[in-house]
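Accompanying notes for the structure given below.
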Amino acid sequence: MKVLVVGSGGREHTLVWKIVQSPKVEKVYCAPGNGGISAIAECVPVKAMDIDGIVNFSKEKEIDMVVVAPDDPLAAGMVDALEEAGIRAFGPRKAAATIESSKAFAKNLMKKYNIPTASYEVFENSTDAISYLQNQQYPLVVKADGLALGKGVIIAQNFDEAKQAVESIMEDKVFGEAGSKVVIEEFLVGQEVSMLAFTDGKTIKTMVSSQDHKRALDNDQGLNTGGMGTFSPSRIYTEEIDKYCMEKIYKPTIEAMEKEGRKFKGVLYFGLIITKDGPKVLEYNARFGDPETQVVLPRLNTDIIDIFDAIIDERLDEIEISWNDNACVCVIMASGGYPKEYKTGYEISGIEDAERDANIVVFHAGTKREDGKYYTAGGRVLGVTAMESNLDQAIKKAYEGVGKIKFQDMHYRKDIGIK
């Protein structure tokens, strides 16, 4: 088989790394890929949002399967275009990807089908939104409706902060067209858990649990980022919680999408919060999470191509998916200044030293490769991932790996996994 993975981050490096392990695969391409991916697959200079370019390349190279990993091309209908061109594609079609690309759609879906979530209101202009904010309890959450690279969520501690959030999203358009609507919702208290699930629109099979650290600084301080590190399994996600979520959240969501004429095929990500009143949904993503993928896929025993094939053909119920019992921890090494302004182009050393340990894999998020050397090329640069028999050992091992890697202005949290 020839497989093309669309995207260029740590999630895509992990997917390529896993796909390469399949005996069914002889060649993997990645568009556009990154420095680390270029060491194990052929990177092609086609942008992730270039739908025509991806379709044409797939035809030209007779690609057997295209795995569309990022949110933007899914929301833009890349899977629809590939399927219409007769190319097998993994990922939800545009109508289904709306569950991530519109927070208002997702919240309205949950309300309609009684899926537990925070109470909320949706606004299409800033005047009405600000007027609503005057009589609310704080803290509360202000969200840009559309895709904002995981950064379109602001927790406001008081009216002034909430007003400023609405103005920056809706008037200053800090997240562009993603801010044409805002969702204002109650602030829920509890620990967050990420649950990813494989689904063919009828059957749903959850992956192993994980927890993500969103804030830039230790002790969950600083700005929200796309994720500074993850660990799997979650320390708080029990069998009892899993049973409740399957009956009240996971199955009802898949059934709701089917009823709405938006059958969801691919990976559905459930961002959960475990409150005193039980688990509730904070958000849905229409794809593998980043950096959750970096700790979930190393624990997968089953050939990932078999799973993708079964989902495309709507026969997921026939596949037995198995996971190993190890724990996995990923520490993100970022450029100083991330998620705000940062500089790139610095040489990275020590990756080979870190990977000499068989239990460590370094997934590249924002790197480029020139003359056999790696350089920083993004905000999140590397995800140093370690697998051990328990979380404490995996944390220790991941930080041993981090300690061997150097680049100018590097920044990472020192408390990943210690939630």
Side-chain angles (χ1 to χ4, degrees), residues 2-16 19 28-38 41-61 63 65-103 105 144-152 173-181 225-227 262 264-269 283-291 293 308 338-339 344 364-368 377-380:
K2 288 189 274 188
V3 178
L4 168 64
V5 175
V6 176
S8 61
R11 163 187 52 222
E12 288 75 24
H13 189 183
T14 314
L15 278 163
V16 169
I19 289 164
V28 181
Y29 297 93
C30 191
N34 64 35
I37 294 171
S38 72
E42 185 177 328
C43 291
V44 293
V46 183
K47 290 192 167 78
M49 281 298 283
D50 182 357
I51 293 178
D52 291 342
I54 294 291
V55 169
N56 292 337
F57 178 83
S58 302
K59 283 179 176 171
E60 181 196 325
K61 295 291 184 184
I63 299 293
M65 182 190 293
V66 180
V67 179
V68 185
D71 46 10
D72 286 334
L74 290 169
M78 184 175 281
V79 170
D80 310 53
L82 286 161
E83 288 181 348
E84 280 151 25
I87 299 156
R88 281 172 75 77
F90 178 81
R93 292 177 76 103
K94 181 177 183 174
T98 306
I99 200 168
E100 176 175 13
S101 63
S102 170
K103 292 186 178 70
F105 169 83
D145 175 55
L147 300 172
L149 297 172
K151 302 184 192 103
K173 294 284 188 194
V174 291
F175 303 117
E177 286 312 302
S180 53
K181 289 184 198 168
T225 70
R262 296 171 183 267
F264 192 102
K265 290 168 63 172
V267 169
L268 187 53
Y269 166 117
E283 65 171 350
Y284 295 112
N285 289 339
R287 33 82 195 180
F288 279 102
D290 190 346
T293 307
F308 289 174
Y338 174 78
T344 60
H364 294 232
T367 68
K368 64 178 180 189
R380 289 187 292 176

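Because only heavy atoms are used, hydrogens play no part in the values below, and waters and symmetry mates are left out as well, while side chains stay in.
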Not counting sequence neighbours, which residues clear side chain to side chain donor-acceptor pair (under 3.5 Å) with [X]? List them please.
X: R88; result: D309, D313
X: S101; result: none
X: K265; result: E314
X: D145; result: S102

Only counting residues at least two apart or in another chain, list the ones meeting ring-ring contact (aromatic ring centres under 6.0 Å, His included) with [X].
X: F105; result: none
X: Y269; result: none
X: F308; result: F90

ask   = Closest approach of S58 and V66, non-hydrogen atoms and distance?
value = OG-CG2, 3.5 Å

key: Flag side-chain contact, heavy atom, 4.5 Å: I51 against P73   = no

query = Do V68 and L82 have side chains that get closer than 4.5 Å, going by heavy atoms?
reply = yes

message = If the condition is salt bridge (Lys or Arg N to Asp or Glu O under 4.0 Å), which residues does E177 pass it with, not counting sequence neighbours?
response = none

query = Taking only residues two or more places apart in sequence or in another chain, which ones pass salt bridge (Lys or Arg N to Asp or Glu O under 4.0 Å) with E100?
reply = R287

request  = Under the side chain to side chain contact (heavy atoms under 4.5 Å, CB included) rule, collect the residues that match up with K368, sequence neighbours excluded.
outcome  = E370, Y375, A377

For the pair [X] (side chain) and [Y] (backbone), establish whether a donor and an acceptor sit closer than 3.5 Å, ignoring hydrogens and angles.
X: T293; Y: D290; result: no
X: K103; Y: G146; result: yes
X: T367; Y: G35; result: yes

query = If you look only at pairs with a residue in residues 48-59, which of them pass as a salt bridge (Lys or Arg N to Asp or Glu O under 4.0 Å), with sequence neighbours excluded?
reply = none

query = Would you find more than 12 non-hydrogen atoms of other residues, nucleotides or ligands less than 6.0 Å from K173 atom NZ?
reply = yes

key: Stepwise side chain to side chain contact (heavy atoms under 4.5 Å, CB included) check, R380 with T225   = CA-CA 9 Å; R380 289 187 292 176; T225 70; 5.5 Å; no

Indicate every side-chain donor-acceptor pair of residues 2-14 with a distance under 3.5 Å to a residue at least two apart or in another chain.
from	atom 1	to	atom 2	distance (Å)
K2	NZ	K61	O	2.6
R11	NH1	F288	O	3.0
E12	OE1	G9	N	2.7
H13	ND1	H364	N	2.7
T14	OG1	G10	O	2.7

